Amino acid sequence: MRSSPYDVLVIGGGPAGLAAAVEAAGAGLSVCVVDERPTFGGQIFKQPGRGFRVTSARALGHDYARGRRLIEAAEQSGATLLPLTSAVAIRGTSVVLVEDGEHARAVEARRVIVAPGAHDRPVVFPGWTLPGVITAGGVQSLVKTQRVVPGLSIVFAGSGPLALAFPAQLRAYGANVTLVLEAGPAPSARDVVRLARASRGNERLLREALEYRARLARDRVPLRYRRIVVRAEGDARVTQVVHAAADAAWRPMPGTDETVSADTLCVGYGFQPSTELLRLAGCAFDDDEDLGGPVVVRDEWLRTSVEGISAAGDGTGVTGSFAAADEGRLAAIGAALDLGALSRADAARRAEPLRRDLARKEAFRDALRPLHAVGPGIYELADGDTVVCRCEELTAAELDRAIASSTDVNAVKAVSRVTMGMCQARNCQRYVAIAIARRHGRPVGELPVATPRMPVRPVAIAAVADASIEDGGYFTRDD
């Protein structure tokens, strides 16, 4: 079934998607925003689950307050907001949606803005599949939506601004974070000067970073630089975390292992863009590991290489929630320009402060990059017996045999079933691509990618089945 068209369909209800909806609706366009979660806000602005009542917004921190303001602006903009709705296929500006419990329907739009966000970068090391080993995003979901602390003794291992922010936030929620391991180096005097020079327009980010560092210092939580997780140990769940000194490439240095007791290991080595829809649409990509890996190619109005499709936010390369919101607005202004809702002069006037802010944020990221550049060692922690594809229970040794004769992930997939499980490669695809590139001495960005398939999100078969086709009794029970 096809529904009547919208001017703009926004896929993703995080900072980029919500900001795009507000901007597009403000330009007089009809807008629909869809998100698979029950509440809007995305990962960073994730709201408490249904049944919870917020009595003190201040107690939930800056992100909650920023998220509420953006969600309320979207609700008041006149845009149609559809939670619990997954975009499972896309062809041009026709998108197949599956609302919770409903049959799939195709929605037409004059322009589509894809703002799918990002997910935690999976890190494969011995013991990573043990209960108690959990990603930062997983912990955020537990804490923010269910008010559940994941364990009694938590070690955080990761890198980037998240390695300061998230442990401090967990401490504020009452979680017992006992140790923070940062793979990157401690800031030097030169780093501080470089950050200070790039601070214009980014004062809030610096202030929050200082607040997070002060929180850890006040609570006497050790923050150790140039340390990387080596393995998690335990039987029924993790009981010990082994970490080691890391070199500039994030490779563990022999003889530096240390062991600490913990019942929870929170892993936060950055994020990867959620690219499934953009791949399925046929968009062109570059590759930048520091931005999460695959980075969609866009022009000055954030249009992709596919006519009618724009992309914004961390799903296009991980740059943070402030930049994501600005990109959402910029993509919406570009869509309004294309659809004739704004003149070129009006579009340029609205876009100018956004471009200026984005340039300042990019300068700040460039200043941070030497501290948090992702090292190749993060993909070299597994031993031969380590399971690298959890769905298919494929080990690193088995994968190595499969990739010995091919640089094509599709051929490796056919031989080994890697990337074919329930997660649909979200946990292992990047690891497999890096392993192929390393084995054959090729840049990962030049390798073939796995053929995208619909549905890109898990849905019930009944939601996409054609009810008009008679099955002759082969798939229905005759009572």
Side-chain angles (χ1 to χ4, degrees), residues 43 116-142 150 155-160 162-163 166 181 183 228-232 238 241 243 246 250-252 264-276 279 287-295 314-315 317-318 372 374-396 398-400 403 409 412-413 416-438 444 447 449-450 456-458:
Q43 183 69 21
H119 57 86
D120 295 271
R121 174 185 276 112
V123 179
V124 178
F125 52 88
W128 77 298
T129 59
L130 277 173
V133 179
I134 186 169
T135 64
V139 174
Q140 276 190 325
S141 294
L142 284 173
V155 170
F156 182 94
S159 186
L162 187 70
F166 196 53
L181 305 170
I228 196 165
V229 66
V230 173
R231 64 184 178 274
V238 61
V241 176
H243 57 94
W250 289 17
R251 294 186 174 99
T264 304
L265 171 59
C266 181
V267 182
Y269 288 98
F271 301 93
Q272 291 179 340
S274 296
T275 61
E276 298 87 3
R279 291 282 193 199
D287 198 88
D288 186 334
E289 192 65 47
D290 289 341
L291 295 180
V295 179
D314 283 350
V318 180
H372 307 303
V374 179
I378 199 66
Y379 294 107
E380 301 170 8
L381 298 171
D383 59 30
D385 294 329
T386 304
V387 170
V388 298
C389 177
R390 303 174 73 153
C391 300
E392 299 297 328
E393 299 184 349
L394 191 81
T395 66
E398 291 168 333
L399 174 65
D400 191 59
I403 67 177
V409 68
V412 174
K413 182 176 176 180
S416 66
R417 291 190 57 83
V418 70
T419 78
M420 294 179 70
M422 290 185 65
C423 84
Q424 288 295 279
R426 289 174 182 84
N427 272 316
C428 62
Q429 182 164 264
R430 187 67 179 177
Y431 180 94
V432 173
I434 295 289
I436 293 173
R438 185 171 62 244
V444 67
L447 297 179
V449 297
V456 299
R457 307 303 290 172

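Here the structure is a predicted model, which is why all the values come from computation and not from measurement. Hydrogens, waters and symmetry mates play no part in the numbers below; they use all other heavy atoms, side chains included.
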Closest non-hydrogen atoms of Y431 and A396, given as atom of the first, atom of the second and distance, are OH-CB, 4.2 Å
OG of S274 to CZ of R457, rounded to nearest 0.5 Å, is 6.5 Å
Worksheet entry | side-chain contact (heavy atoms from CB on, under 4.5 Å) assessment of L142 paired with I134 | CA-CA 11 Å; L142 284 173; I134 186 169; 3.9 Å; yes
Contact between P252 and L381 at the side-chain level, heavy atoms closer than 4.5 Å - yes or no? yes
Decide yes or no for R279 and P294: does some side-chain heavy atom of the first lie under 4.5 Å from some side-chain heavy atom of the second?
yes
When Q272, H119, E276 are each screened for side chain to side chain donor-acceptor pair (under 3.5 Å) with R426, the one that passes is E276
The single option from V318, D288, D290 that satisfies side chain to side chain contact (heavy atoms under 4.5 Å, CB included) with V295 is D288
field: Trace of the side-chain contact (heavy atoms from CB on, under 4.5 Å) decision for V267 with W128
entry: CA-CA 9 Å; V267 182; W128 77 298; over 6 Å; no
Inset, instruction - I would like to know whether V412 and L399 meet side-chain contact (heavy atoms from CB on, under 4.5 Å); could you show each step before the answer? - result: CA-CA 8 Å; V412 174; L399 174 65; 4.0 Å; yes
Rounded to the nearest 0.5 Å, the OG1 atom of T135 sits from the CG atom of L265 at a distance of 10.5 Å
In terms of heavy-atom contacts, V139 and P150 come closest through CG1-CG, 4.0 Å
Rounded to the nearest 0.5 angstrom, the CD1-CD1 distance for I378 and I434 is 11.5 Å
The reported gap from SG in C428 to CE in M420 (rounded to nearest 0.5 angstrom) is 11.0 Å
side-chain hydrogen bond (donor to acceptor under 3.5 Å, both in side chains) filter on E289, not counting sequence neighbours, yields R121, Y379, R430
Tightest non-hydrogen contact, residues A450 and Q429, listed as CB-OE1, 3.4 Å
Q) Sub-3.5 Å donor-acceptor pair from the side chain of D314 to the main-chain atoms of A118, do we have one? A) no
Here the gap from R231 atom CZ to L130 atom CG, rounded to the nearest 0.5 Å, amounts to 12.0 Å
**Request:** Would you please test F156 and L181 for side-chain contact (heavy atoms from CB on, under 4.5 Å) and show each step?
**Result:** CA-CA 6 Å; F156 182 94; L181 305 170; over 6 Å; no
For W250 and I228 the tightest heavy-atom approach is O-CD1, 3.4 Å
For A136 and C266 the tightest heavy-atom approach is CA-SG, 3.7 Å
All heavy atoms of G158 vs all of A163, minimum pair found to be C-CB, 4.3 Å
Result for side chain to side chain contact (heavy atoms under 4.5 Å, CB included) between V409 and one of V418, L447, I436 points to I436
